[in-house]
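This report refers to the structure that appears directly beneath it.
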Amino acid sequence: MDLTKNFLQQDVHKAFEEYVCATNCAFIQNQAIEEGDYKTALRMAENVTRSLRELDRLKEKKKAEDELRHYSIILITQQLGG
């Protein structure tokens with residue numbers, strides 16, 4: 001997985017940590033469900049949700065930064081051409 005496509009360079013490390021957390025917690029959650037340990041499964045679901053929210057926030061941060069960069073280039077290009 002190429003994290004630089006979805007996250008700013010300065011956020012890649014944090015995104016990777018959240019990705020690992022989400023996948024590990026999902027694995028533990030599945031095991032807990034199979035064992036009937038629903039309290040642990042619920043706790044892991046909450047952890048997965050937190051990590052996914054953080055990943056989404058970091059992705060939106062990159063999207064906003066990319067849009068700002070895009071419109072800045074358009075503005076500069078228009079100023080130079082006009």
Side-chain angles (χ1 to χ4, degrees):
M1 170 176 26
D2 183 6
L3 294 176
T4 60
K5 290 182 181 178
N6 291 315
F7 306 104
L8 295 171
Q9 185 62 39
Q10 66 263 25
D11 293 334
V12 168
H13 182 74
K14 173 71 172 161
F16 180 73
E17 287 178 348
E18 294 296 341
Y19 170 80
V20 169
C21 180
T23 56
N24 285 342
C25 288
F27 178 79
I28 294 168
Q29 179 188 23
N30 287 336
Q31 283 185 319
I33 291 170
E34 289 178 13
E35 296 169 2
D37 184 357
Y38 302 116
K39 286 184 181 183
T40 297
L42 181 58
R43 194 168 45 252
M44 292 302 108
E46 292 166 352
N47 289 340
V48 168
T49 299
R50 272 195 297 274
S51 288
L52 291 175
R53 283 189 180 132
E54 182 63 11
L55 286 167
D56 188 54
R57 184 189 74 77
L58 293 172
K59 184 177 180 179
E60 289 299 316
K61 183 179 169 185
K62 181 175 188 316
K63 181 180 174 185
E65 184 77 21
D66 288 348
E67 287 176 2
L68 178 62
R69 187 175 300 115
H70 173 74
Y71 290 116
S72 295
I73 290 170
I74 290 173
L75 181 63
I76 291 169
T77 303
Q78 287 177 349
Q79 288 177 345
L80 292 176

Would you name the heavy atoms of A41 and A32 that are closest together and state the gap between them?
N-CB, 3.7 Å
Measure across L55 and A15 and return the closest heavy-atom pair with its distance rounded to 0.1 Å.
CD2-O, 3.3 Å
One thing to verify: whether R57 and E60 come together as a salt bridge, which I'm taking to mean a side-chain N less than 4.0 angstrom from a carboxylate O.
no
Do [X] and [Y] sit in the same hydrophobic cluster, where Ile, Leu, Val, Met, Phe, Trp and Tyr count as joined when their side-chain heavy atoms come under 4.5 Å apart?
X: V20; Y: V48; result: yes
X: M44; Y: I33; result: no
X: Y19; Y: I28; result: no

Trace of the salt bridge (Lys or Arg N to Asp or Glu O under 4.0 Å) decision for R69 with D66:
CA-CA 5 Å; R69 187 175 300 115; D66 288 348; 3.2 Å; yes
If we only count heavy atoms from C-beta on, is the [X] to [Y] side-chain gap below 4.5 Å?
X: D11; Y: L8; value: yes
X: K5; Y: D2; value: yes
X: E46; Y: L42; value: yes
X: E67; Y: K63; value: yes
X: Q78; Y: I74; value: yes
X: Q9; Y: T4; value: yes

[X] [atom1] to [Y] [atom2] distance, which is reported to the nearest 0.5 Å:
X: L68; Y: E65; atom1: CG; atom2: CD; result: 6.0 Å
X: E34; Y: Q31; atom1: CD; atom2: CD; result: 7.5 Å
X: S51; Y: D56; atom1: OG; atom2: CG; result: 12.5 Å
X: L52; Y: C25; atom1: CG; atom2: SG; result: 10.0 Å

Can you sort out the partners of K14 under salt bridge (charged side-chain N to carboxylate O under 4.0 Å, His left out), two or more places apart, ordered by chain and number?
E18
Linked hydrophobic residues, L75 as query - side chain contacts closer than 4.5 Å:
none
Name all residues meeting the side chain to side chain donor-acceptor pair (under 3.5 Å) criterion together with T40; count only those two or more places apart in sequence or in a different chain, and write none if there are none.
D37, R43
K62 atom NZ, neighbour heavy-atom count above 12 within 6.0 Å:
yes
